[in-house]
Every structure is written in C-alpha cells, then in structure tokens.
2 protein chains.
Amino acid sequence: MADHSLPQQIADQLRRDILRGKLAPGAALKERDNASELGVSRTPMREAIRILAREGLVILRPSRSPLVADPSLKEVTDLIEVLRALEMLSGRLACIHATPQEIASIRAIHERMVALYDQVDSLDMFEIDMNFHLSIARASHNTALAETHAAYLARLWRARYLSASQKRSRERVLRQHGTIVAGLEARDPEMAVGEIENHLEHLLINIADLFAARDAERAAEAASERGAIDGDPQTA
Amino acid sequence: MADHSLPQQIADQLRRDILRGKLAPGAALKERDNASELGVSRTPMREAIRILAREGLVILRPSRSPLVADPSLKEVTDLIEVLRALEMLSGRLACIHATPQEIASIRAIHERMVALYDQVDSLDMFEIDMNFHLSIARASHNTALAETHAAYLARLWRARYLSASQKRSRERVLRQHGTIVAGLEARDPEMAVGEIENHLEHLLINIADLFAARDAERAAEAASERGAIDGDPQTA
DNA sequence: TCAATAGATTTGGTATACCAAAATTCGCAA
DNA sequence: TTGCGAATTTTGGTATACCAAATCTATTGA
C-alpha cells in the first residue's frame with residue numbers, strides 16, 4: 001500500500017479524509033489551502049489530486065477547483081456491473097493459473113476473516129475483505145486485470161465500506177467467500193465464478209437499499225430545514 | 001478527441017510520435033528536452049507524461065526518466081483478455097439499452113467501413129474500426145464501462161493497428177462486424193456477444209503471429225550483427 | 001429594492017528556480 | 001590496459017513566482 005513518493009502519500013492522506021467524511025462529497029479541493037495544510041507545495045498536491053481523479057474520488061473541472069466526487073446510484077451501479085465482469089474473469093483465470101500457494105493464501109485470508117467474525121470493527125473487517133478480492137485478482141496472473149480490478153475496488157471504496165458496515169450481511173458474505181475458495185481449490189470455474197456473480201449481485205442490491213435510505217434521510221432533512229426557515233412555503 | 005487543455009494536447013502529440021514510431025519503444029522521455037522541443041515548460045509536459053502513463057504507453061520509474069513502453073506478448077495478451085470481457089459486457093448491455101438511433105449510427109459506421117474496403121489506407125480504416133468498437137461501448141449506457149473500454153483500446157492502439165494493417169484479415173473483420181450489428185439490431189445478445197468473442201479471439205491469434213514474426217526478425221538481426229563484429233563467438 | 005457591472009480577489013495553469021538523487025565522465029592506481 | 005572512485009553533469013522532484021480566467025463584492029443607477 002505504501003508507495004513512498006510524496007504525491008502518493010498526499011493522495012493516501014486525502015483519500016482517508018474523503019472516505020472518512022472529513023472532506024464531504026461535493027466539497028471543493030483548493031490546491032493552495034490543502035497544500036499548506038499538509039505543509040507541501042502545490043506541485044505534489046496537484047499530482048495527488050490527479051491520482052484521486054483517476055480513481056474517481058475527485059472530479060476535475062477545467063480552470064475550476066476539483067470537487068470531491070458524489071456518485072449517483074446509477075454511477076455506482078455501473079461501476080459494480082463492470083467490477084462483476086472483472087471479478088468473474090479473475091475467478092475463471094485464477095482457477096486455471098493460480099498456484100497452490102496462492103490458493104492457500106486466499107484460504108488463509110478467508111479463515112482469518114471467519115475467525116474475526118464479530119470481533120473486530122467494520123473498518124478492519126473491510127480491509128481483510130478488500131485483500132481477499134485483490135488476492136483473487138492477482139492469482140489470475142493477468143497484470144492488466146489485477147490493476148484495473150484494483151482501480152475499481154478503490155473507486156468503490158466508500159460504497160463497499162458502507163455495505164460492509166451492515167453487520168446483518170456478514171454471515172452471507174462469509175458463506176459466499178467460503179464457496180469461492182472451495183471453487184478455486186477444486187479448480188472448478190463453475191462454482192467459483194457462479195458464486196462471485198452471486199456475491200456481487202447481493203452487493204448491488206445492498207447498495208441500492210443504502211442509497212434509497214440515504215435519499216429518504218436527505219429528503220426528510222431538507223423538508224425539516226425548509227420548515228425551520230419559513231412555514232410551509234407554497235412555491236419553491 | 002480534442003480536449004483543448006495544454007497537457008492533453010501535448011499528450012496527443014507524444015502519443016502520435018510514439019505510435020508512429022518516432023519515439024521508439026524503450027526510449028527515455030526526458031522532460032526538459034521534450035518540453036523545449038514543443039516550446040512548453042516542464043509542468044504541462046510532466047502532466048502529459050502522466051496521462052500517457054495512465055494509458056500504458058509510457059512507464060514511470062521513480063527518480064528516473066520515463067520510458068516508452070515496449071509490452072511483451074504476454075502483456076498484450078493479458079490486455080486483450082480483459083478487453084474481450086469488456087466488449088462482451090458492452091455488447092450484452094448494448095442489446096438491452098442502446099437506442100434505435102445509436103444502433104443505426106453503429107450500422108452507418110459499419111457500412112462506411114464496407115464501402116471504403118480496400119479504398120483507403122490502413123490508418124484511416126483503423127480509425128473507423130476504432131470508432132465502431134467505441135460506439136458499441138457507449139451504447140451500453142454504462143459510463144464507467146465506456147471509459148475503461150476506451151482506455152484499453154488506447155493501450156492496445158499499436159498492437160491493433162499492426163493487426164489491422166494485415167489486409168488479408170479485412171474481409172473476416174467486416175463479416176464479423178456485420179454479424180455484431182445484426183445481433184444488436186435483433187437485440188439478440190447471443191449473436192452479438194458470441195461474435196464479439198470470436199472477433200477478439202482472432203485478434204489474439206493475429207497478434208501472437210505478429211509477435212512471433214517480429215521476434216524472429218529481431219533474432220536474425222541480432223545474429224547478423226554479432227557476426228559482423230566478431231566471427232561466431234563461442235561464449236555469450 | 002434589485003439588477004447590472006466594474007473592480008478586487010481568489011484560484012487554477014504555466015514557467016522557472018532550486019535541490020537532491022542518478023548517471024556519466026574522467027582520472028588515478030593497480 | 002583495466003577497474004574503481006570521485007567530481008561533474010544530467011535529470012526528476014519540489015517550491016515558488018507570475019499570469020489569466022473565474023468568482024466574489026461592492027457600488028451605482030433604475
């Protein structure tokens with residue numbers, strides 16, 4: 001995770017701030033302010049912002065301040081659709097090309113996740129989950145695939161994190177991971193790929209629910225705010 | 001194609017130079033030299049190089065000059081494998097989401113390509129071919145998919161260009177494109193996706209042949225060069 | 001009271017200066 | 001002649017200065 005180049009470090013810091021909500025979606029990222037905040041000059045800060053733009057976490061606008069991305073449900077859904085194709089391909093290739101050591105390592109990650117079930121907080125659990133999927137992609141022995149897959153996971157960080165925080169789905173996730181590992185061990189693409197598809201199908205549903213809940217909350221908030229300012233205005 | 005930002009323009013220029021062979025694979029891209037060459041400062045040149053690095057056309061090395069990429073057969077094969085998955089997904093989604101206008105426009109591109117068969121040079125033909133595939137990806141109405149697909153096409157530009165230059169495969173390509181368009185018009189994913197898979201399978205084979213031919217050529221070259229320096233050396 | 005506009009300010013884009021790490025060159029010694 | 005090493009040069013990384021476009025503000029006139 002740790003590239004030691006300065007722009008990469010700055011990008012890591014900003015990414016944390018964005019995902020932790022310290023930088024709200026839609027907020028402007030001013031180069032000078034953020035640079036002096038971290039005690040660096042604008043040059044590496046600019047580069048860091050480009051890195052995050054590539055990951056889809058910020059949006060660049062020509063001659064304007066970059067904004068923290070605030071993806072719509074459609075955009076997130078589109079990303080997951082592509083991620084599903086990438087992970088299914090990963091699974092298929094991993095069944096063919098993964099070494100026994102790699103598969104053992106994937107199982108080890110899975111076992112650790114099972115062992116830590118309801119013992120650690122969402123963030124730690126999520127880091128392990130992330131690793132599980134990255135390892136499968138790497139086991140495909142297709143560098144381009146592993147890179148693109150990692151980029152999509154990064155881009156879906158927030159959405160996946162929110163989804164993983166719903167403790168009620170943890171049991172299902174673990175069961176599905178188990179099936180995927182079994183499929184890899186049996187070198188059975190049908191089993192592995194089928195369960196990967198299933199896994200992401202649930203992610204899709206989960207996230208649609210989260211967006212619906214969030215939108216409802218926002219609507220209620222906006223309504224009560226309007227009410228606080230002036231009583232039930234007829235016109236917008 | 002034309003973003004008017006300076007770094008983008010520089011990147012376009014460098015891309016042309018790389019793909020035309022003016023900048024050889026493996027060559028170093030020195031910031032100062034290339035910048036003064038184009039009459040700009042290092043700042044936008046640096047950004048342009050990062051853009052090309054993202055596309056995979058140049059390789060960044062920390063604290064060293066970036067190099068023009070020289071992908072191995074394995075790397076190109078890996079890219080095509082992912083491209084195949086992306087295009088198959090595009091085809092499937094396009095069958096569902098493409099508007100009649102979009103499908104008509106894709107057919108128009110195909111018809112133009114048929115009309116210009118053996119009338120224009122490889123480069124023009126290739127531009128049209130590129131457009132055909134990009135249009136299908138856009139017709140999926142999945143922005144992320146279209147972007148990632150475009151990135152892969154850019155990365156495979158050289159390999160695809162070399163493949164398209166082999167006139168003997170043009171007839172097959174046109175036939176396959178025809179089937180793909182028919183599949184879209186019939187909203188028949190089986191037909192469209194199947195033929196897309198077939199299409200890329202042939203690209204894979206084609207490119208493997210090209211690499212084999214190139215390697216043989218290089219080996220012969222190296223051998224004759226060795227012979228010119230000293231007669232049949234026993235040890236390397 | 002509101003709208004329009006001109007001036008001031010903020011901000012991204014570009015050029016340039018400076019630094020430290022690589023790479024290269026040249027000289028010295030074996 | 002060759003191998004090693006120090007000095008020099010080259011080159012990427014960072015900071016900063018400057019510019020132009022975009023935004024904000026305040027003033028003025030209807």
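- In this entry the distance linking CD1 of B:Ile59 with C1' of D:dG12 reads 17 Å, nearest Å.
- Comment: B:Arg138 does not engage B:Glu102 in a salt bridge, judged by the lack of any side-chain N to carboxylate O separation of less than 4.0 angstrom.
- If you take CG of A:Leu6 and C1' of D:dT14, they are 8 Å apart, rounded to a whole angstrom.
- What separates CG of B:Leu60 from P of D:dG12 is a distance of 11 Å, to the nearest Å.
- Distance CD (B:Glu47) to C1' (D:dT14): 15 Å, rounded to an integer number of Å.
- Take B:Asp78 and apply the salt bridge (Lys or Arg N to Asp or Glu O under 4.0 Å) test, not counting sequence neighbours, and it matches B:Lys74.
- Between A:His177 and A:His199, the distance separating the two ring centers is shorter than 6.0 angstrom.
- Closest of all the heavy-atom pairs between B:Met45 and B:Ile10 is CE-CG2, 3.7 Å.
- Not a single donor-acceptor pair under 3.5 Å links the side chain of B:Ser36 to the backbone N or O of B:Gly39.
- Atoms CE (B:Met45) and P (C:dT14) sit 12 Å apart, rounded to a whole Å.
- Comparing C:dT11, D:dT14, C:dG13 by their nearest atom to the side chain of A:Lys30 picks out C:dT11.
- Comparing C:dT16, D:dG12, D:dT14 by their closest approach to the side chain of A:Pro44 singles out D:dT14.
- Following rounding to the nearest Å, A:Glu31 (CD) and C:dT14 (P) show an atom-to-atom distance of 11 Å.
- Under the salt bridge (Lys or Arg N to Asp or Glu O under 4.0 Å) test applied with B:Glu55, the options B:Arg155, B:Arg158, B:Arg15 reduce to a single match, B:Arg15.
- In this structure, B:Ser41 does not reach the C:dT14 phosphate: none of its side-chain N or O atoms is under 4.0 Å from OP1 or OP2.
- At most 12 heavy atoms of other shown residues, nucleotides or ligands fall within 6.0 angstrom of atom CZ in A:Arg20.
- Atom CZ in B:Arg50 sits roughly 9 Å away from atom C1' in D:dG12 (whole-Å rounding).
- Using a 4.0 Å heavy-atom cutoff across all strands shown, B:Leu29 reaches sugar-phosphate atoms only and no base atom.
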Under 3.5 Å, N/O pairs linking protein and nucleotides 17-25 of chain C:
{"unit_1": "C:dA23", "atom_1": "OP1", "unit_2": "B:Arg64", "atom_2": "NE", "d": "2.9"}

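- As a whole-Å value, the separation of B:His4 NE2 from D:dA20 C1' is 18 Å.
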